[in-house]
Structure formats: C-alpha cells, structure tokens
Number of protein chains: 2
Amino acid sequence: MTRLVLATRNAHKVEELRRILGAAGLDVELVSALDFPDVPDVAEIGATFAENALLKARALVGATGLPAVADDSGIAVDALNGMPGIFSARWAGRHGDDAANLALLLAQTADVPDERRGAAFVCAAALVTPAGEERVVEGVLRGTLAREGRGAGGFGYDPAFVPEGEVRTTAELDPAEKDAMSHRGRAFRGLAPHVAAVLAG
Amino acid sequence: MTRLVLATRNAHKVEELRRILGAAGLDVELVSALDFPDVPDVAEIGATFAENALLKARALVGATGLPAVADDSGIAVDALNGMPGIFSARWAGRHGDDAANLALLLAQTADVPDERRGAAFVCAAALVTPAGEERVVEGVLRGTLAREGRGAGGFGYDPAFVPEGEVRTTAELDPAEKDAMSHRGRAFRGLAPHVAAVLAG
C-alpha cells in the first residue's frame, strides 16, 4: 500500500483528515509529521492559506520522499476584516494554544453586535508529489461567531462557530456531521481524486 | 474662558491632545472625562474610527453639556488586513493594557517578513456640540511595524512603529516631532478651526 504523509503535528487534524480521506475511499497508509519528529517545522510565512499549505507539504515531501498533503485553515471574522485568518493557530501569540486563541478572539469581539458577527471557516488543502506536482483546493463554511464557547467536540475555534442554518456550534456536531459540511471536509474531498490519481500513477 | 471636554480617560491621550490643541492656539479650558468620574464609559460598538469617536463625544456632551472632542485611533497593520484597527486598545482582550497589546501584535506577526510589515497609525478626531453640530477629521501616518519595541516616549504601539522616512520609532521621537507628523496631530490640527469656530460662536 502506498504511503501518504499528512503535513501536520496537530493530533486533532490528523484524526480529522484520516476520517475524511478514509470516507473518500482512499486505499493508502496515512502517516503524519508526528511520525517524523526529526523533520523541523517550516516557518509559515505565506500570505495566504494556499501558500502556507504548499509550504508545509513541500517541506514534508523534501524530508520524506513521500507524497504529502497539508492543510492550512482558520477562522475569518468579518468584523476583523477576515482575521485571525492565516494567523488563527497563533492568534494569542503562541502556536497551538486553542483555549487562549479562542478566549482572545471572544474578548476582542465582545462589543461587536450580533448583526456584525459573520465569520467563515476556511481551509486550503494542498497535495505535493515527489515529482513536483502541486494541487490546492479550498473549502469554506460560512457561519457566525458565538459570544461564548459551547460543546466538547472538534478543536480550535469549533466551540464558538455556528454554521449557517445551524443553531449548534461545530463543537456540538458529531464528527460525521461536521465533516459533511466543514471547510476541511469540503477541501479534502475536493483534493481526494487528485490524491487517488497520484497514488494510482 | 470656554470649557471643552476631551472624551478620554487615557492620561497619555489627554496630555497629547492638550499639547496639540494648545499648539494650535485654542484659547480654551480643557477638561477630560477624567474630571467626570461618574459618567459611564460608552461601549465602542462603531464599525469605524469615526463612528467610535462620535459615540464617545456625543456621550460626553450629553453628560456634561459642554462641547466635546474625542479621538478614536489605532494601528492598522497591512499583513493583518488593517487590524488591530478599531480594536487596538483592547487587542489583547482587556481594554488599555498597552504592554500586552503590543506584545501580542509582535508575537502574531513574528513570521511576517520585512517586506510585508507595512502599517499605519490612524486617528479620527470628532467634535460634537451641545447644539448637535458634528465634525470628524481623520489623520493617517504610514510606516512599518518593527520586530520589537524601542524607545520610552509615547504610548500604545509607539515603540514598534517606524514612520515612513524615519529610522526611529514614534516612541523615540520627542513630543513636538511626534505631534508634527502623527495621525493624532494631523487629525486634531484639522479639527482645530472647527473647535475655534464653535468656541467663538
């Protein structure tokens, strides 16, 4: 079975991507950057989700010789001109502190009235092969920013994001429900045929 | 002598505005919201600097019966789509913690390369009179966001802002130099003739 490396050390993302790519029917052994602890993290200096996803995937291809997929994703809050955006994972200043990031975003927007709390979850999914082929697919989920977190599922900003047409936050959806509508589900389902083609070729 | 109330409790802003309006030759007794401790702070729920400045000035006119001037200002960082913007004073989540706000902004932008560190200081200066006359003048100072703070002058984001054509931060300029180029200096010098007309009328 061919191996594909997920360019993330975020255990939540590894789990979500395994689930999404598994549901897409890919016959592949998924490993992640967690299995390559000696590979240094790449600086995410891109100006867009797509650039950062490509930077991460390219670095893993270079280090492992395997085809790599990467995700760069975040929450884009209308009242903050689309921020935290590509800075979502380090919004509170330190990478990967979900609770601090969410608490900061809710504190910053405490005075933003309900009618201006529109937001989107955005994901760029990138595929890079050892031969240099590159694909990026974006997925977007529109919704609103809640005033406080609710729900124990998901990760990141899930407890404070209510998708359009929902009353629950994405942390209150079960995993299959979340994947069906999520930005990451949409992006990686769009990328799956390209991954399948690479693995078949 | 006519009294004019500055709608701020920020002692640094009071000092700067006294200096700027004094230099503009206004013959007026300046008081500030610090002199009216029982007047509640207004929620800054506007979507722009101008809206927030007007909200603050209107509230002070209503509470004191005096003509009021207010400032709403902040730093707009290009790589953050113009944020912190109107959220500058509460960027770290709690209103008015300058050191925390600056530390957070520098941490968020730690990976932003030099060529994308453009920024602007923006100020909206508002005048509201008991008769209901309202004026807003904006001032902008372009520059770049430094990687760490330098200088003991100024306040807010001054230690990390280098104006165009300067190598010093605005915290390294002497007060008269800063006022001559600053967003707040430009906005309030633009507003001064309107204030003079109101006081004369």
Side-chain angles (χ1 to χ4, degrees), chain A residues 40-49 51-53 55-56 59 72 74-97 99-120 122 145 147-149 157 160, chain B residues 40-49 51-53 55-56 59 72 74-97 99-120 122 145 147-149 157 160:
Chain A
D41 282 334
V42 64
E44 299 180 21
I45 58 169
T48 63
F49 289 114
E51 285 176 24
N52 280 334
L55 286 172
K56 288 188 267 190
D72 198 50
I75 188 167
V77 175
D78 296 351
L80 297 177
N81 292 354
M83 292 291 108
I86 60 170
F87 301 93
S88 292
R90 53 187 146 171
W91 194 235
R94 206 161 55 82
H95 215 285
D97 188 340
N101 290 335
L102 177 59
L104 174 61
L105 180 61
L106 293 180
Q108 289 170 323
T109 55
D111 285 343
V112 175
D114 288 347
E115 64 272 21
R116 290 211 309 270
R117 297 187 73 83
V122 182
L145 183 65
R147 294 195 170 274
E148 50 191 31
Y157 298 90
Chain B
D41 282 333
V42 65
E44 298 180 22
I45 58 168
T48 63
F49 290 114
E51 285 176 24
N52 281 333
L55 286 172
K56 288 187 270 192
D72 198 50
I75 187 168
V77 175
D78 297 350
L80 296 178
N81 291 354
M83 292 293 107
I86 59 170
F87 301 92
S88 293
R90 53 189 146 172
W91 194 234
R94 205 161 54 81
H95 215 284
D97 188 339
N101 289 335
L102 177 59
L104 173 61
L105 180 61
L106 293 179
Q108 288 171 324
T109 55
D111 286 342
V112 174
D114 288 347
E115 65 272 20
R116 291 211 309 270
R117 297 186 73 83
V122 181
L145 183 64
R147 295 194 168 274
E148 49 191 31
Y157 297 90

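Everything numeric here is computed off the predicted structure, so don't read it as measured data. The chains referred to below are lettered A, B, ... by the order of the sequence lines, with proteins before strands, and numbering in each begins at 1.
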### Summary
Per-residue tally against chain A (heavy atom, under 4.5 Å) across B:L106, B:L80, B:I45 peaks at B:L80
### Query
Within the distance-only criterion (no hydrogens, no angle test), does the side chain of A:N81 pair as donor or acceptor with the backbone N or O of B:G82 below 3.5 angstrom?
no
### Query
Within a reach of under 6.0 Å around CD of B:E115, are more than 12 heavy atoms found that belong to other residues, nucleotides or ligands?
yes
### Query
What closest approach, in Å, do B:A79 and A:M83 show between heavy atoms, and which atom pair accounts for it?
O-CE, 4.3 Å
### Message
Just checking A:R94: does its CZ atom have more than 12 heavy atoms from other residues, nucleotides or ligands closer to it than 6.0 angstrom?
### Response
no
## Note on the structure
Separation between CG (B:D111) and CZ (A:F87), nearest 0.5 Å, reads 8.5 Å
### Query
Relative to chain B, which segment of A:R90 carries a heavy atom at a distance below 4.5 Å: side chain, backbone, both, or neither?
both
